[in-house]
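Take a look at the structure set out below.
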Number of protein chains: 2
Amino acid sequence: MDFVHLLISNNIKPSLQRIKIFEYLYDNREHPTVDTIYSNLVGDIPTLSKTTVYNTLKLFIDNGITSTVTIEDNEVRYDAIMEEHGHFKCDNCGNVYDVEIDISALKFKEIKSFKVEKTNIYLKGKCNKCLNKIN
Amino acid sequence: MDFVHLLISNNIKPSLQRIKIFEYLYDNREHPTVDTIYSNLVGDIPTLSKTTVYNTLKLFIDNGITSTVTIEDNEVRYDAIMEEHGHFKCDNCGNVYDVEIDISALKFKEIKSFKVEKTNIYLKGKCNKCLNKIN
DNA sequence: ATCTAATTTTGTAATCGTTACAATTTTATA
DNA sequence: TATAAAATTGTAACGATTACAAAATTAGAT
Ligand SMILES: [Mn+2]
Ligand SMILES: [Mn+2]
Ligand SMILES: [Zn+2]
Ligand SMILES: [Zn+2]
C-alpha cells in the first residue's frame with residue numbers, strides 16, 4: 001500500500017507524521033482513539049505531539065480519507081475505511097469490529113420527510129471470543 | 001400522563017426535580033441535552049442545579065426509563081422513548097427526529113461471530129423544513 | 001548553496017462538558 | 001420533635017479537545 005501517493009492524491013503533503021498516522025489507521029482496523037494512535041507511534045517518532053495527531057486526523061477527515069466512529073459518549077474512534085459499513089462493539093472487551101451491512105434493505109416510515117445523505121448503523125453485544133471465555 | 005406513578009413503578013422517588021425533568025423529556029421529543037433541560041427548567045425551579053440534572057438522568061438511565069442518543073462526538077442527548085427506534089439528524093438545523101425503522105430487515109455477514117443485543121441506527125441529511133427554506 | 005517565506009509540528013494554556021465530593025436541605029421514621 | 005436517611009446543591013477536580021504562539025522543517029527564489 002503506497003501511503004505517500006494516497007496522501008498526495010488527496011491534496012495532503014506526505015510528512016513523516018502524516019504517513020505514519022495514516023499507515024497506523026489503515027493497518028490497525030481496531031478503530032483506535034487518538035491516545036491509542038499516539039501511544040503506538042511515539043516510540044517510532046519520539047518528538048510526536050498529541051496535538052499533531054489531533055490536527056492530522058482532522059486534516060484526513062476534511063480531505064475525505066478518514067471518518068470518525070461514534071458509539072460511546074466518551075470515546076471518539078477513527079477509521080480509514082471510507083466505504084459504507086457498520087460496526088459492532090463488544091460490551092465485554094470493548095473492541096469495535098467492522099460489519100458488512102446491506103443498508104439498502106432499510107425501510108423507514110418518514111422517508112418522505114427527510115433527505116437522507118448518510119446511514120449509520122452500529123450493533124452492540126458480545127463477541128464470540130468473550131462468549132467462549134465467559135462460558 | 002401520570003409521571004409520579006411512572007417514577008414510583010420504576011423504583012424512583014418522585015421528587016419535584018425528578019418529576020419535572022422526566023416530564024420535560026417526555027413532552028419534548030427533540031432529544032435535548034443536559035444544558036437544554038437545565039435552561040428550560042431553571043425558571044420553574046430556581047434552585048435547580050445542573051448537577052441534579054446529570055444525577056437524575058443517570059438515575060433514569062440506570063432504572064431503564066431513559067436512554068442516551070449519541071450521534072455527534074460532542075453532544076449527548078437524552079430520550080424518554082425506550083421502544084426501539086432510529087433517529088434522523090438534520091445537518092442544517094441540527095434537530096434530531098425519531099424515525100420508525102424495521103430493524104428486522106437488517107442482514108449482515110458476520111452475524112455468526114457476534115451475539116447482538118442492541119441495534120442502533122441513525123440517519124443524517126437535510127430535513128424538509130430546511131430543504132424548503134434553502135430553495 | 002543560501003536566503004526567505006510558507007508550512008508543519010510542537011508544547012502549553014485555555015476551554016468545556018462531566019464527575020467527585022462535601023455541605024446543605026429536604027424527607028421519612030420513630 | 002428529634003434523628004437518620006435521602007436528595008439536592010455548589011464548588012472543585014478531571015479529562016478530552018482546541019487555541020495559540022513559538023520552533024522546526026520544507027519549498028521556492030536567487
Ligand atoms: Mn470501520
Ligand atoms: Mn428518539
Ligand atoms: Zn469481546
Ligand atoms: Zn433541518
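Chain naming here is simple, since letters A, B, ... match the order of the sequence lines and numbering starts at 1 in each.
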Using a cut-off of strictly less than 4.0 Å between a heavy atom of the residue and any atom of DNA chain D, enumerate the qualifying residues of residues 43-63 of chain B by number.
Thr47(B), Leu48(B), Ser49(B), Thr51(B), Thr52(B), Asn55(B)
Return the residues of residues 1-34 of chain A meeting this criterion: a heavy atom under 4.0 Å from some atom of DNA chain D. Order them by number, or give none.
none
What is the 5' to 3' range of DNA chain D, first to last nucleotide, that sits under 4.0 Å from any heavy atom of chain A?
dA16(D) to dA19(D)
With rounding to the nearest 0.5 angstrom, report the OG1 to CD1 distance, Thr66(B) to Ile61(B).
6.5 Å
Separation of dG11(C) C1' from Tyr38(A) OH (nearest whole Å):
10 Å
Taking side chain as C-beta onward, heavy atoms only, is Ile37(B) less than 4.5 Å from Asn28(B)?
no
Can you give the donor-acceptor pairs under 3.5 Å from side chains of residues 5-14 of chain B to other protein atoms, not counting sequence neighbours?
| from | atom 1 | to | atom 2 | distance (Å) |
| --- | --- | --- | --- | --- |
| His5(B) | ND1 | Asp2(B) | OD1 | 3.2 |
| His5(B) | ND1 | Asp2(B) | OD2 | 2.5 |
| Ser9(B) | OG | His5(B) | O | 3.1 |
| Ser9(B) | OG | Leu6(B) | O | 3.0 |

How close or far is atom P of dT18(C) from atom CG of Asp35(B), stated in whole angstroms?
8 Å
Show your reasoning for whether side-chain contact (heavy atoms from CB on, under 4.5 Å) applies to Val116(B) and Phe108(B).
CA-CA 11 Å; Val116(B) 176; Phe108(B) 53 95; 3.6 Å; yes
What residue pairs, at least two apart or across chains, pass side-chain hydrogen bond (donor to acceptor under 3.5 Å, both in side chains) with a residue in residues 55-64 of chain B?
Lys58(B)-Asp62(B)
More than 12 foreign heavy atoms under 6.0 Å from CZ of Phe3(B): is that the case here?
yes
Pairs in or reaching into residues 33-72 of chain A: which pass ring-ring contact (aromatic ring centres under 6.0 Å, His included), with residues at least two apart or in two chains?
Phe22(A)-Phe60(A)
Which donor-acceptor pairs under 3.5 Å do the side chains of residues 75-86 of chain B make with protein atoms, sequence neighbours left out?
| from | atom 1 | to | atom 2 | distance (Å) |
| --- | --- | --- | --- | --- |
| Glu75(B) | OE2 | Arg77(B) | NE | 2.9 |
| Glu75(B) | OE2 | Arg77(B) | NH2 | 3.4 |
| Glu75(B) | OE2 | Lys89(B) | NZ | 2.7 |
| Arg77(B) | NH1 | Glu30(B) | O | 3.0 |
| Arg77(B) | NH1 | His31(B) | O | 2.9 |
| Arg77(B) | NH2 | Gly94(B) | O | 3.2 |
| Asp79(B) | OD1 | Ile81(B) | N | 2.8 |
| Asp79(B) | OD2 | His31(B) | NE2 | 3.1 |
| Asp79(B) | OD2 | His85(B) | NE2 | 3.1 |
| Asp79(B) | OD2 | His87(B) | NE2 | 3.1 |
| His85(B) | ND1 | Glu83(B) | O | 2.6 |
| His85(B) | NE2 | His87(B) | NE2 | 3.0 |
| His85(B) | NE2 | Asp98(B) | OD1 | 2.9 |

If the condition is ring-ring contact (aromatic ring centres under 6.0 Å, His included), which residues does Phe114(A) pass it with, not counting sequence neighbours?
Phe88(B), Tyr97(B)
Side-chain polar contacts of residues 122-131 of chain A - donor-acceptor pairs under 3.5 angstrom, sequence neighbours left out - could you list them?
| from | atom 1 | to | atom 2 | distance (Å) |
| --- | --- | --- | --- | --- |
| Lys124(A) | NZ | Glu72(A) | OE1 | 3.4 |
| Lys124(A) | NZ | Glu72(A) | OE2 | 3.0 |
| Lys126(A) | NZ | Asp91(A) | OD2 | 3.1 |
| Lys126(A) | NZ | Glu117(B) | OE1 | 3.3 |
| Lys126(A) | NZ | Glu117(B) | OE2 | 3.4 |
| Asn128(A) | ND2 | Lys112(B) | O | 3.0 |

Taking only residues two or more places apart in sequence, or in another chain, which ones meet Thr36(A) in a side chain to side chain donor-acceptor pair (under 3.5 Å)?
Thr33(A)
For Watson-Crick and G-U wobble pairs within 3.5 Å on both distances, what is DNA chain C written in dot-bracket notation, | included for inter-strand pairing?
||||||||||||||||||||||||||||||
Which residues pass the side chain to side chain donor-acceptor pair (under 3.5 Å) test with Thr70(B), not counting sequence neighbours?
Asp73(A)
Do Thr52(A) and Ile45(A) touch side chain to side chain, with heavy atoms closer than 4.5 Å?
no
When the distance from CZ of Arg77(B) to P of dG17(C) is rounded to whole Å, what number comes out?
14 Å
